[in-house]
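Here the structure is laid out as structure tokens; the discussion comes afterwards.
Here is how names work: the chains are called A, B, and so on, in the same order as the sequence lines, proteins then strands, and each is numbered from 1. We use all heavy atoms of the structure for the numbers below, so side chains are in, but hydrogens, waters and symmetry mates are not.
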Number of protein chains: 2
Amino acid sequence: MPPGAFPGEFEQMVLLAILRLGEEANALAILRELDDQAGRRVSRGTLYKTLDRLESKGYVAWTQEEATPERGGHARRLFRVSPDGIEVLRASRDALHRLWSGLDPVLGRPAT
Amino acid sequence: MPPGAFPGEFEQMVLLAILRLGEEANALAILRELDDQAGRRVSRGTLYKTLDRLESKGYVAWTQEEATPERGGHARRLFRVSPDGIEVLRASRDALHRLWSGLDPVLGRPAT
DNA sequence: CATCGATGAAGACAATGTCGACATCGTCAG
DNA sequence: CTGACGATGTCGACATTGTCTTCATCGATG
């Protein structure tokens with residue numbers, strides 16, 4: 001297996017955050033989702049770097065946002081997860097799932 | 001948050017594999033468990049390096065195996081997850097759990 | 001035009017993931 | 001006793017991922 005075959009821990013979280021946001025996945029929203037759902041706070045730079053890497057692996061794609069960006073500055077990018085991205089997410093979820101199964105007595109049940 | 005606050009993807013898997021093995025957590029068994037449950041095959045060197053890092057973070061501890069190692073060579077090391085290790089596992093599981101929740105329509109349900 | 005706010009991009013460096021090569025120590029055939 | 005062998009474990013090197021700060025852009029505003 002080549003080294004980069006598995007997505008890192010943070011890469012997975014970013015992919016999941018994008019999926020959750022649907023059409024609204026711009027950088028700032030992803031940052032907020034990551035903080036809200038996983039308590040993970042990172043700088044914009046960190047996120048963009050990760051997004052770049054995910055793109056070069058073909059796990060995400062993006063398009064410029066239409067509507068006149070009144071907010072000024074660069075036009076925002078809207079991200080979406082590619083089929084390959086979904087595939088890899090599914091695979092790593094299943095792997096973790098199997099490792100977790102049966103460990104509730106030790107770890108307790110997941111919090112809602 | 002300090003950089004090394006979150007365990008990497010593979011580190012998590014190793015911790016889980018050790019938990020699953022209970023008293024039997026020697027290196028080779030961990031390697032087998034990782035392969036069987038998660039389809040993750042790595043070399044012994046990779047595992048030991050990861051184990052060393054987990055130890056220096058205080059997430060795992062180990063002891064020498066007693067019984068005359070007829071298998072020859074070094075006495076095997078038996079690993080176990082520390083309370084801090086359990087704590088960090090629980091935290092990252094909860095984080096992923098929240099990100100995953102509600103995405104079954106897209107990802108499908110986890111395979112057994 | 002100087003500045004500000006919202007974005008995004010780049011550079012640098014730390015943490016993780018990964019392997020292959022090598023060191024050790026019993027056992028066992030000669 | 002000695003050298004080959006198998007089971008472990010250790011190391012150094014290098015690729016990938018995670019992370020931040022600093023810099024560059026561009027519209028709107030004063």
Item to check | Donor-acceptor contact present, side-chain A:Thr46 to main-chain A:Val42, <3.5 Å | outcome: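 No; zero donor-acceptor contacts below 3.5 Å.
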Item to check | Donor-acceptor under 3.5 Å (B:Thr50 side chain, B:Glu11 main chain) | outcome: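 Pair absent, no side-chain N/O of B:Thr50 close to backbone of B:Glu11.
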Measure the distance from [atom1] on [X] to [atom2] on [N] and round it to the nearest whole Å.
X       : N      : atom1 : atom2 : result
B:Arg32 : D:dA7  : CZ    : C1'   : 13 Å
B:Leu51 : D:dC11 : CG    : P     : 14 Å
A:Met13 : D:dG18 : CE    : C1'   : 12 Å
A:Leu15 : D:dT17 : CG    : C1'   : 13 Å
B:Lys49 : C:dG20 : NZ    : C1'   : 12 Å
B:Arg41 : C:dG20 : CZ    : P     : 14 Å
A:Tyr48 : D:dG18 : OH    : P     : 18 Å
B:Leu78 : D:dT8  : CG    : P     : 11 Å

Counting only side-chain N and O atoms of [X], is one of them less than 4.0 Å from OP1 or OP2 of [N]?
X       : N      : answer
A:Thr46 : D:dG18 : no
A:Arg76 : C:dT7  : yes
B:Ser43 : C:dC19 : yes

Next on the checklist: For A:Arg40 and B:Asp94: C-alpha separation, side-chain torsions, deciding distance, then whether salt bridge (Lys or Arg N to Asp or Glu O under 4.0 Å) applies.
Outcome noted: CA-CA 12 Å; A:Arg40 186 70 165 260; B:Asp94 288 354; over 6 Å; no
Checklist entry - Just checking A:Phe10: base, sugar-phosphate only, or nothing, at a heavy-atom cut-off of under 4.0 Å? => result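 Answer is sugar-phosphate: A:Phe10 comes under 4.0 Å of backbone atoms only.
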Next on the checklist: Please classify the nucleic acid contact of B:Gly8 as base, sugar-phosphate, or nothing, using heavy-atom distances under 4.0 Å.
Outcome noted: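 Result for B:Gly8 = sugar-phosphate.
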Checklist entry - When you look at B:Glu23 and B:Arg80, which way does the salt bridge (Lys or Arg N to Asp or Glu O under 4.0 Å) test go after all the steps? => result CA-CA 8 Å; B:Glu23 304 296 302; B:Arg80 62 194 166 71; over 6 Å; no
Next on the checklist: Using 30° and 60° as the class boundaries, would you call the ring planes of B:Trp100 and A:Trp100 parallel, tilted or perpendicular?
Outcome noted: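 Perpendicular, since the angle between the ring planes exceeds 60°.
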Next on the checklist: Near DNA chain C, counting only heavy atoms under 4.0 Å, which residues of residues 16-30 of chain A show up?
Outcome noted: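 Contacts with DNA chain C under 4.0 Å: A:Ala27, A:Leu28.
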Item to check | Polar side-chain contact B:Arg40-C:dG17 base: donor and acceptor under 3.5 Å | outcome: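 Donor-acceptor pair under 3.5 Å: no.
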Checklist entry - Quick one: the side chain of B:Arg77 and the base of D:dG9, do they pair up donor-acceptor inside 3.5 Å? => result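 When only heavy-atom distances are counted, B:Arg77 does not reach the base of D:dG9 through any donor-acceptor pair under 3.5 Å.
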Item to check | Most 5' of B:Arg44 and B:Thr50 on DNA chain C, judged by nearest nucleotide | outcome: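 The 5'-side residue here is B:Thr50.
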Would you give me the side-chain donor-acceptor pairs under 3.5 Å for residues 30-39 of chain B, sequence neighbours excluded?
{"from": "B:Glu33", "atom 1": "OE2", "to": "B:Arg20", "atom 2": "NE", "distance (Å)": "2.8"}
{"from": "B:Asp35", "atom 1": "OD1", "to": "B:Arg41", "atom 2": "NE", "distance (Å)": "3.2"}
{"from": "B:Asp35", "atom 1": "OD2", "to": "B:Arg41", "atom 2": "NE", "distance (Å)": "3.1"}

Next on the checklist: Checking B:Glu87 now: which residues fulfil salt bridge (charged side-chain N to carboxylate O under 4.0 Å, His left out) with it, not counting sequence neighbours?
Outcome noted: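 Listed in chain order: B:Arg90.
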Checklist entry - Among C:dT16, C:dT18, D:dT19, which nucleotide sits nearest the side chain of B:Glu11? => result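 The answer is C:dT16, which lies nearest to the side chain.
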